[in-house]
Amino acid sequence: MDETKARNYVLAVVFVAPRDVHTLRSTLRGLRVPGSRSVHFHKANNTQRAAVIDALVEHDVIAMIITNRRHPRVPPREASIRALARQAIHVEAQAIVLERDRTIERSDRRWLFEELAKSTVRYEHRDRHEDALLWAADAIAWCWQHGGKWKDRVMPLIAHSIDVAADSAKPGPPA
């Protein structure tokens, strides 16, 4: 899961089948620039961006976009994290991995605990260099916000999108 706040608040979520997790992580690690610990789409060149997207397509990654044009009663991140948790339960996900930001980690944990308490979905925060799957979500989020040909490239991966402010983040099946 990764977020971008460039225009509207966008949370990009990547679902990877358990059998594909190891292979996709390995593939993405192989796409790093020599000497770097991770891939960050904002800093990547177009060749690297295209290679990452190709890898996501090749590994049948499924993505979901949660947008929030400013929920009237709830801060954007909280509403989006809660929507993510409800979606994870709905699709019977095993785990949610969030990129670590120590300034908001405590809030994330509280919201996730409240939403996931009666489920089997686990959650954890990791630094971006610890889990290459975070780079997949970063790629989707960047492409979605950047628009144009980049958004077009990831559209086949987007199975579901919701606008938290518009529909109160009701769970729905990935298309």
Side-chain angles (χ1 to χ4, degrees), residues 1-16 21 24-25 28-29 31-33 35-45 48-49 52-53 55-56 61-91 93-117 119-147 150-151 154 157-158 160-165 168-169 171:
M1 177 234 102
D2 194 45
E3 67 185 346
T4 179
K5 300 167 242 175
R7 291 185 201 120
N8 294 317
Y9 187 90
V10 174
L11 195 69
V13 181
V14 175
F15 297 96
V16 180
V21 167
L24 181 56
R25 279 184 178 134
L28 291 173
R29 281 192 299 267
L31 296 174
R32 290 177 293 192
V33 172
S36 68
R37 294 175 17 159
S38 67
V39 172
H40 196 284
F41 246 55
H42 178 72
K43 297 175 184 175
N45 63 42
Q48 187 181 31
R49 288 178 181 138
V52 169
I53 295 167
L56 301 181
V61 167
I62 297 171
M64 177 178 70
I65 299 292
I66 300 172
T67 57
N68 190 324
R69 291 172 290 156
R70 304 299 175 227
H71 192 281
R73 296 175 309 278
V74 183
R77 183 171 177 92
E78 178 181 353
S80 299
I81 293 291
R82 289 180 182 280
L84 165 60
R86 290 189 292 272
Q87 284 290 337
I89 292 168
H90 184 76
V91 301
Q94 291 182 0
I96 298 172
V97 178
L98 299 93
E99 185 173 342
R100 177 168 284 125
D101 177 342
R102 286 176 174 78
T103 65
I104 55 177
E105 192 170 335
R106 175 180 256 176
S107 296
D108 286 351
R109 288 183 187 281
R110 180 171 38 90
W111 302 327
L112 288 166
F113 176 79
E114 289 170 0
E115 296 293 335
L116 300 172
S119 78
T120 59
V121 180
R122 297 176 290 109
Y123 57 92
E124 63 181 298
H125 289 79
R126 293 185 184 170
D127 290 321
R128 72 176 296 106
H129 66 274
E130 292 180 302
D131 193 338
L133 296 183
L134 291 169
W135 314 340
D138 174 60
I140 300 292
W142 186 91
C143 290
W144 186 267
Q145 283 285 50
H146 200 73
W150 294 108
K151 187 173 181 179
V154 298
L157 304 174
I158 310 298
H160 189 59
S161 67
I162 58 175
D163 182 338
V164 176
S168 300

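Numbers for residues simply follow the sequence, beginning at 1.
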- Message: Applying side chain to side chain contact (heavy atoms under 4.5 Å, CB included) to E78 and D108, what does each step give before you reach the verdict?
- Response: CA-CA 7 Å; E78 178 181 353; D108 286 351; over 6 Å; no

- Message: Checking E124 against R126 for the salt bridge (Lys or Arg N to Asp or Glu O under 4.0 Å) test, could you report, in this order, the C-alpha distance in whole Å, the side-chain angles of both residues, the deciding distance, and whether it holds?
- Response: CA-CA 7 Å; E124 63 181 298; R126 293 185 184 170; 3.0 Å; yes

- Message: With side chain to side chain contact (heavy atoms under 4.5 Å, CB included) as the criterion, how do R128 and D138 come out once you've worked through the C-alpha distance, each side chain's angles and the decisive distance to 0.1 Å?
- Response: CA-CA 10 Å; R128 72 176 296 106; D138 174 60; 3.7 Å; yes

- Task: Applying side chain to side chain contact (heavy atoms under 4.5 Å, CB included), run through V154 and I53 and close with a yes or a no.
- Result: CA-CA 7 Å; V154 298; I53 295 167; 4.2 Å; yes

- Test side chain to side chain contact (heavy atoms under 4.5 Å, CB included) applied to F113 and Y123, step by step: CA-CA 9 Å; F113 176 79; Y123 57 92; 3.4 Å; yes

- Message: salt bridge (Lys or Arg N to Asp or Glu O under 4.0 Å) for R37 and D127? Distances and angles first, verdict last.
- Response: CA-CA 11 Å; R37 294 175 17 159; D127 290 321; over 6 Å; no

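Ring planes of H40 and H42: perpendicular class, angle over 60° (limits at 30 and 60°).
For the pair I66 and L84, the minimum side-chain heavy-atom distance is below 4.5 Å. The shortest distance between side-chain heavy atoms of I89 and L116 falls below 4.5 Å. Between M64 and Q87 the shortest side-chain heavy-atom distance falls below 4.5 Å. In this structure, W135 and V52 have side chains that are not in contact, with every pair of non-hydrogen atoms separated by 4.5 Å or more. Counting heavy atoms from C-beta on, the side chains of I96 and L112 come closer than 4.5 Å. Counting heavy atoms from C-beta outward, Q145 and W150 have side chains that stay 4.5 Å or more apart.
Residue Q48 holds its CD atom at 7.5 Å from CZ of F41, rounded to the nearest 0.5 Å. Between the CD1 atom in I104 and the NE2 atom in H125 there is a gap of 6.5 Å [rounded to 0.5 Å]. Taking OG1 of T120 as the reference point, atom CD of Q94 lies at 8.5 Å (rounded to 0.5 Å). Here CD1 of I62 is found 12.5 Å from NE2 of H160. Values are rounded to the nearest 0.5 Å. Residue I65 holds its CD1 atom at 6.5 Å from CD1 of I140, rounded to the nearest 0.5 Å. Considering CZ of R25 and CG of L134, their distance stands at 8.5 Å, rounded to 0.5 Å.
Residues A139 and L56 approach most closely at CB-CD1, 4.3 Å, considering heavy atoms. Nearest heavy atom pair, residue L24 against residue A55, reads CD1-O, 4.3 Å. What you find for V164 and A79 is that their closest heavy atoms are CG1-CB, 3.4 Å.
Applying the salt bridge (Lys or Arg N to Asp or Glu O under 4.0 Å) criterion to E105, with sequence neighbours excluded, gives R100, R109. Considering only residues two or more places apart in sequence or on other chains, T67 meets the side-chain hydrogen bond (donor to acceptor under 3.5 Å, both in side chains) condition with none of them.
Side-chain atoms of S80 come within 3.5 Å of backbone N or O of P76 as a donor-acceptor pair. Checked by atom type and distance alone, the side chain of R82 never pairs as donor or acceptor with a backbone atom of E115 at under 3.5 Å.
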